[in-house]
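To start, the structure itself, in structure tokens.
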Amino acid sequence: MENKIEISDLRVHYGDTPALNGISFDVHPNEILSIIGPAQSGKTTFLKVINRTLEFTPEATVEGSVKLDGVDIRTIGDVYGLRRRIGMVLPLPVGLPLSIYDNVAFAPRAAGLRTKSELDEIVERCLQQAALWDEVKDRLDTLGTKLSGGQQQRLTIARALSHQPEVLCLDEFSIAIDPVTTMRIEEVLKTLQKEMTILLVTNLVQQAKRLANRTAFFLNGDLIEIDTTDVIFSDNPANQATYDYVNGTFG
Amino acid sequence: MNILRKKSAANVPFSETVIETFIRLCGVSAIVFVFGIFFFVFREGAGFLFGGLDLGQFLTSPEWYPTSLSNKRYGTLALILGTFSVTALAMCIAVPFGLGAAIFVSEFCSPKLRETFKIIIELLAAIPSVVWGFIGLTLMNQLIIAVFNAPIGLTMLNGGIMLALMSVPIIVSIAEDALKAVPDSYREAAEALGATRWQVVYRVLLPAAKNGLLAAVLLGAARSIGETMAVLMATGHSVNIPSGPLSWIRTLTATIAAELGEVARGAEHYQVLFIIGILLFTITFVVNLIADLVIKGIRQDS
Ligand SMILES: Nc1ncnc2c1ncn2[C@@H]1O[C@H](COP(=O)(O)OP(=O)(O)OP(=O)(O)O)[C@@H](O)[C@H]1O
Ligand SMILES: [Mg+2]
């Protein structure tokens with residue numbers, strides 16, 4: 001089985017401050033890999049490396065390599081195409097100041113799709129998948145920014161699915177969502193897994209336990225441990241810090 | 001709300017009250033000044049406005065012969081058209097340049113270049129309008145004669161270019177502020193969706209900043225309508241229904257500036273000039289009103 005993503009000796013600095021200190025691991029195709037770890041451990045930074053949006057932070061330097069389907073992402077010329085292969089859901093929901101419809105149709109349009117019927121179909125499918133369709137189907141032309149925080153978060157999930165990514169990255173997606181909706185989206189993620197690889201950064205260790213095939217534990221820019229979720233959540237993971245963090249006795 | 005305010009007023013320190021009163025006075029005085037100016041202008045023109053002036057002729061006749069002995073005419077149509085045409089021409093030039101420059105400065109240029117650019121824009125804004133008029137009178141005049149083979153270069157085109165150069169700095173700085181005020185998270189979200197930088201600009205930033213951009217354009221236009229000295233010097237200052245960019249024109253403002261010094265206080269001609277002032281007041285009021293309505297309309301959409 002080929003690896004979907006191969007990370008080797010990845011180091012990131014913001015100016016002189018290290019954020020990732022040489023981490024290496026593989027991501028398997030169609031797995032849900034959750035990344036857990038306390039604040040400031042470099043989880044968000046890692047996701048920004050994957051879709052190359054860290055390039056907007058001028059003082060950030062990246063060393064080591066990240067390969068997507070065996071190709072070093074830094075050698076990919078079409079960075080916009082690369083970003084569309086990766087769906088990104090950021091922790092704070094950002095409804096773009098466009099209509100709900102235009103929010104979801106944004107990426108397909110940016111990629112050049114113009115056919116109304118195809119766009120309609122994408123918008124409906126993605127909103128369905130993000131468990132938002134029923135709430136907004138009658139007002140697709142109202143502004144995305146007018147939705148509630150939780151609805152906006154589901155809108156960003158729909159948007160991330162609109163370009164049919166190969167890898168879906170979610171950064172603490174449930175921060176603004178109520179538990180019931182969170183559960184619905186978790187179910188969606190389980191189905192999406194058949195079509196794509198999912199990287200799930202989460203502060204809720206129970207969410208990792210519920211969803212992930214494998215779990216990685218980050219701490220202060222180091223990868224402490226990566227293993228199947230069963231092992232990480234068992235009584236004897238390889239590292240004591242992992243056990244402490246997972247069981248809430250950390251620090 | 002009111003109850004809350006009253007309750008807390010009891011234990012507000014004395015200095016707070018002083019500051020609040022002072023700020024309130026400042027606000028009220030601004031309103032008083034505006035009304036005061038309007039009242040003064042109105043009083044000077046009112047006598048003739050309500051006794052003798054043919055308002056229809058005033059607004060629709062192109063004949064402006066205020067000093068003629070046998071055939072006095074107070075028609076301002078040519079002046080109104082002069083003001084509007086030169087402003088429109090100036091906006092045709094200044095809006096694309098101003099907005100383009102603002103987009104460049106806020107989205108595409110390096111921080112170092114941005115600082116240089118801002119200093120240049122500020123310098124441009126600090127040039128007094130009489131200097132622009134002088135440039136129009138000399139340099140631009142020669143240029144238009146040479147390029148268009150025109151008999152004289154003091155035309156609507158000349159004035160329009162001068163006005164454009166004067167409004168560009170206003171448009172750039174306000175539009176740039178509006179673009180800067182768009183949260184970075186919008187840019188990040190759009191870029192994560194694979195948008196190119198241009199797509200980010202026209203799909204996200206322009207819609208998000210449209211109120212501010214509109215304000216920038218309207219303030220630029222207001223600057224043009226109100227400008228006096230430069231158009232007086234650069235447009236040929238002759239009463240004429242404009243027929244194209246190369247016709248010479250005269251504006252409402254320039255007429256007041258040029259003729260007010262030569263008329264006897266209280267004379268008919270003097271009063272008519274003040275009525276032109278009232279007309280300018282009305283025009284700016286309407287422009288502002290439209291701007292407000294447009295912005296409100298946009299708000300309601302969104
Ligand atoms: N734009 C930036 N400029 C400078 N330092 C940054 C920047 N972004 C992140 N950092 C630093 O990099 C380190 C890792 O941050 P990162 O956001 O990746 O952590 P995280 O694991 O996502 O934390 P959280 O759980 O709080 O979201 C932190 O020390 C942080 O202060
Ligand atoms: Mg984070």
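A, B, ... follow the sequence lines: proteins, then strands. Residue 1 opens every chain.
No side-chain donor from either of A/D72 and A/T75 sits under 3.5 Å from a side-chain acceptor of the other. Remark: the A/Q193 side chain and the A/E31 side chain contain no N/O donor-acceptor pair separated by less than 3.5 Å. A/T44 and A/D171 are linked by a side-chain donor-acceptor pair at a separation below 3.5 angstrom, with hydrogens and angles left out of the test.
Residue contact with chain B, scored on non-hydrogen atoms closer than 4.5 Å, involves the side chain of A/F56 exclusively. For a residue to count as touching a neighbouring chain, one of its non-hydrogen atoms must lie under 4.5 Å from one of that chain's; by this rule A/R52 does not touch chain B. Proximity to chain B (any heavy atom under 4.5 Å) is shown, for A/L92, by neither the backbone nor the side chain. Only the side chain of A/T145 comes within contact range of chain B, with at least one heavy atom under 4.5 Å from a heavy atom of that chain.
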Verdict with reasoning, B/F285 to B/F38, per ring pair (Phe, Tyr, Trp, His ring centres under 6.0 Å): CA-CA 11 Å; B/F285 179 74; B/F38 186 76; 8.9 Å; no

